[in-house]
Undergrad: 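Have a look at the structure that comes next, please.
Quick caveat: nothing in here was measured; it's all calculated off a predicted structure.
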Amino acid sequence: MRDCRWSSDMRLPKAGTVEIVPSVLAADFGRLAAEVAEVEAAGVRMIQFDIMDGHFVPNISFGPPVVAAMRPHSLLTFDVQLMISNPRQYLDAFVEAGADHITFHIETEDEPLELVEELHKAGVTAGVALNPETDVLRIVNVAPYCEMVLVMTVHPGFGGQEFIPEMAEKIRRVRDLVGPATRIQVDGGISVETAPIVVSCGADTLVAGSAIFSAKDRHAAIEDMREAIASAQSSWSVSV
Ligand code: DX5
C-alpha cells in the first residue's frame, strides 16, 4: 500500500501552503454556480461539499448530482466530505461526479486502509476525518496513508456553530502524528478570530462556511481571513 505521496496529477494543493476553503453548505443553493464563481474569483483554490445523510449526522444536505452539476462550472479542487454512515457505497458516484479529494469519517469505517487504497486507485486524494469526541489514536494507522486529515472543530451536521476551543490541542497532536507532508484541515466555526489560532496549532486547510457566504462581500471576507492569518504568522515569521 502506498503511503501519502504527492504526484503532479493530484488536484489537492501540496502541503506547505495555507488554503481557505469555502463550504457551499452556507451558500445560496438557488444560485450555487454564481456563488462558487464569486469565491473562485477571490482566488481560493478549493471548495468543500458537505455530504450529509441524516443518519451519521442529524441533517441531510445533497449528493453526487449536485457535485456533478457544479463540475462543468468550476476549475476549483472539489473537496468532498462524506458525513455518511456507509461511505464505501458511494465512492464511485462521487468520483464520477468530479470529486478531486474525498474525506470519510473514521467513525464510519472499520477497514479505513482499504478505503484509502480504493480512493487512490480511483485517482483521487484521500482524507480521514475525526469528530470532536474521537481520539487521535483512532487514526494512527491510517493517517500516514492520507493526503489530508480533517479535525472537526464543531460537531458535524450544521453550519454557524461555535468553534470548540479544546480542538486547538488536538490539531497540535495530529500535526505531531503526521509531520509536515500531510495537510491538516479544520472545519466548523472558522472565522477571522479562530483562523490564526488553528494555523498556529498546525492546521493549513481552513474550511469556512458562514464566515464567507453569510458576508455581503465574500471577496473581502476571504481577504480579511487571509490578512488575519498573515499578520499572526508574521509574528511567528512563517510565510503564507
Ligand atoms: C458542518 C460542516 C461544515 C460547515 C462549516 O458539519 O462540515 O463544513 O459547513 O460551517 P461554518 O464555517 O459556518 O461553521
Undergrad: Do the side chains of V67 and L75 join up, straight or via other hydrophobic residues, at under 4.5 Å, putting them in one cluster?
TA: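 No, it is not one cluster - the side chains of V67 and L75 are not joined through contacts under 4.5 Å.
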Undergrad: Counting C-beta onward and ignoring hydrogens, is there a side-chain heavy-atom pair between L82 and L91 closer than 4.5 Å?
TA: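 L82 vs L91: side chains touch.
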Undergrad: Taking atom CG of D224 and atom CD1 of I229, what is their separation to the nearest 0.5 Å?
TA: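 One finds 11.0 Å between CG of D224 and CD1 of I229.
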Undergrad: side-chain contact (heavy atoms from CB on, under 4.5 Å) for I139 and L177? Distances and angles first, verdict last.
TA: CA-CA 9 Å; I139 62 164; L177 171 70; 4.0 Å; yes
Undergrad: Is there side-chain contact between H55 and I84, with at least one heavy-atom pair below 4.5 Å?
TA: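 The answer is no, as the side chains (C-beta and beyond) never meet within the 4.5 Å cut-off.
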Undergrad: With heavy-atom distances below 4.5 Å as the criterion, would you say the side chains of Q81 and H105 are in contact?
TA: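 Side-chain contact under 4.5 Å: yes.
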Undergrad: With a 4.5 Å heavy-atom cut-off, do T108 and M83 have their side chains touching?
TA: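 Result no, sub-4.5 Å side-chain heavy-atom pair not found.
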Undergrad: Consider only side-chain N and O atoms of T17 and E19, and report whether a donor and an acceptor are under 3.5 Å apart.
TA: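 Short answer, yes.
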Undergrad: Please check this pair: side chain of S200 against backbone of I197, looking for a donor-acceptor N/O pair closer than 3.5 Å.
TA: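 Present.
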Undergrad: Might you confirm whether atom CZ of F163 has over 12 heavy atoms from other residues, nucleotides or ligands at distances under 6.0 Å?
TA: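 Yes.
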Undergrad: Using every non-hydrogen atom in the two residues, find where A208 and I190 come nearest and quote the distance to one decimal.
TA: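 Smallest heavy-atom distance, with atoms named: CB-O, 4.0 Å.
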Undergrad: Give me the atom names and distance for the closest heavy-atom approach of G157 to N59.
TA: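 That closest heavy-atom pairing would be O-ND2, 2.7 Å.
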Undergrad: Suppose we screen for ring pair (Phe, Tyr, Trp, His ring centres under 6.0 Å). Which residues come up paired with F29, at least two apart in sequence or across chains?
TA: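 F29: ring pair (Phe, Tyr, Trp, His ring centres under 6.0 Å) contacts with F62.
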Undergrad: Tell me, please, which residues at least two apart from R31 pass side chain to side chain donor-acceptor pair (under 3.5 Å).
TA: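 R31 satisfies side chain to side chain donor-acceptor pair (under 3.5 Å) with E35 only.
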Undergrad: Between the main-chain N or O of Q48 and the side-chain N or O of D79, is there a donor-acceptor pair closer than 3.5 Å?
TA: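 Not at all, since once roles are kept as given, no pair shorter than 3.5 Å links the two residues.
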Undergrad: Any side-chain heavy-atom pair from V36 and M70 closer than 4.5 angstrom?
TA: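 A side-chain contact under 4.5 Å exists here.
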Undergrad: Any donor and acceptor pair, going by atom type alone, linking the side chain of T182 with main-chain N or O of A143 inside 3.5 Å?
TA: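 No; judged by distance alone, with no hydrogens or angles, the pair does not exist.
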Undergrad: Would F94 end up clustered with V66 when hydrophobic side chains under 4.5 Å apart are linked, directly or stepwise?
TA: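 In one cluster with F94: V66, yes.
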Undergrad: For V151, does its backbone N or O pair with a side-chain atom of K170 as donor and acceptor, under 3.5 Å?
TA: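 Flag not set: sc K170 to bb V151 has no pair under 3.5 Å.
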Undergrad: Are I20 and I212 close enough that some pair of their side-chain heavy atoms sits under 4.5 Å apart?
TA: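 Yes; the side chains approach each other to less than 4.5 Å.
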Undergrad: Got V199 and L206 here, is their nearest side-chain heavy-atom distance under 4.5 Å?
TA: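 A side-chain contact exists here, since the closest heavy-atom pair is under 4.5 Å.
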Undergrad: Which value, rounded to the nearest 0.5 Å, describes the distance between M167 atom CE and D187 atom CG?
TA: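 It is 13.0 Å, given to the nearest 0.5 Å.
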Undergrad: Give a yes or no on whether the backbone of G179 and the side-chain of D176 come within a donor-acceptor separation of less than 3.5 Å.
TA: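 It does not hold such a pair.
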Undergrad: Working to the nearest 0.5 Å, report the span between SG of C146 and CG of L113.
TA: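 Separation between the atoms: 8.0 Å.
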Undergrad: Using modelled atom types only, decide if a donor and an acceptor are shared between the side chain of D217 and the backbone of A220 within a distance under 3.5 Å.
TA: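 Yes: the side chain of D217 pairs with the backbone of A220.
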Undergrad: Decide yes or no for V124 and L12: does some side-chain heavy atom of the first lie under 4.5 Å from some side-chain heavy atom of the second?
TA: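 When only atoms from C-beta onward are counted, L12 and V124 do not touch, as no gap falls below 4.5 Å.
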Undergrad: Can you list every pair that meets salt bridge (charged side-chain N to carboxylate O under 4.0 Å, His left out) and has a residue in residues 88-100, with sequence neighbours left out?
TA: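 Residue pairs passing salt bridge (charged side-chain N to carboxylate O under 4.0 Å, His left out), neighbours aside: R11-D100, R71-D100, R88-E109, R88-E114, R88-E118.
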Undergrad: Indicate the atoms forming the closest heavy-atom contact of P156 with P58, along with that distance.
TA: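 Closest pair (atom of P156, atom of P58, distance): O-CD, 4.1 Å.
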Undergrad: Whether the E40 and H73 side chains hold a donor-acceptor pair (N or O, under 3.5 Å, no angle test) is what I'd like checked.
TA: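 No donor-acceptor contact under 3.5 Å links the two side chains.
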Undergrad: Between A126 and H120, what is the shortest heavy-atom contact and its length?
TA: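 A126 and H120 have their closest heavy atoms at CB-NE2, 3.8 Å.
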Undergrad: Quiz question: by atom type and distance under 3.5 Å, do the side chains of H155 and N131 form a donor-acceptor pair?
TA: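 Per modelled atom types, H155 and N131 side chains form no pair under 3.5 Å.
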Undergrad: What distance separates R218 CZ from E223 CD, expressed to the nearest 0.5 Å?
TA: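 Answer for the CZ-CD pair, R218 versus E223, is 15.5 Å.
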Undergrad: When rounded to the nearest 0.5 angstrom, what distance separates CD1 in I184 from CD1 in I171?
TA: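 These two atoms lie 8.0 Å from each other.
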Undergrad: Would you say R138's side chain and I106's backbone share a donor-acceptor pair under 3.5 angstrom?
TA: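 Side chain of R138 to backbone of I106, a donor-acceptor pair under 3.5 Å: yes, one is there.
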Undergrad: Which other residues belong to the hydrophobic cluster containing I60, where Ile, Leu, Val, Met, Phe, Trp and Tyr are joined when side-chain heavy atoms lie under 4.5 Å apart, directly or via other members?
TA: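 Grouped by the 4.5 Å side-chain rule, I60 forms a cluster of one, so the answer is none.
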Undergrad: Please give me the minimum heavy-atom distance between D28 and G30, naming the atom from each residue.
TA: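 Shortest heavy-atom contact: OD1-N, 2.8 Å.
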Undergrad: Distance only, no hydrogens: is a donor on one side chain within 3.5 Å (strictly under) of an acceptor on the other, for T134 and E107?
TA: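 Short answer, yes.
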Undergrad: CD of E162: more than 12 outside heavy atoms within 6.0 angstrom?
TA: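 No.
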Undergrad: Under a single-linkage rule joining Ile, Leu, Val, Met, Phe, Trp and Tyr whose side-chain heavy atoms are separated by less than 4.5 Å, which residues share a cluster with L150?
TA: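 M152, V154, listed by chain and number.
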Undergrad: If we count only N and O atoms by modelled type, under 3.5 Å, do the side chains of R183 and T205 hold a donor and an acceptor together?
TA: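 On atom types as modelled, these side chains qualify, holding a pair under 3.5 Å.
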Undergrad: Can you find a side-chain donor-acceptor pair between D204 and Q185 that sits under 3.5 Å?
TA: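 No, Q185 and D204 have no side-chain donor paired with an acceptor closer than 3.5 Å.
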Undergrad: Ignoring hydrogens and angles, tell me if any N or O in the side chain of S61 forms a donor-acceptor pair with the backbone of D50 under 3.5 Å.
TA: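 Such a contact is found between S61 side chain and D50 backbone.
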Undergrad: Is there a path of hydrophobic side-chain contacts, each under 4.5 Å between heavy atoms, that joins L76 and L32?
TA: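 In one cluster with L76: L32, yes.
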Undergrad: Among residues at least two apart in sequence or on other chains, which ones pass ring pair (Phe, Tyr, Trp, His ring centres under 6.0 Å) with F49?
TA: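 Per chain and number, F49 pairs via ring pair (Phe, Tyr, Trp, His ring centres under 6.0 Å) with F78.
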Undergrad: Measuring from atom CD of E38 to atom CD1 of I222, what distance do you get when rounded to the nearest 0.5 angstrom?
TA: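 Those atoms lie 8.5 Å apart.
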Undergrad: Work out which heavy atom in F213 is nearest to a heavy atom in P22; give both atom names and the distance.
TA: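 Distance-wise, the nearest heavy atoms are CE1-CB, 3.7 Å.
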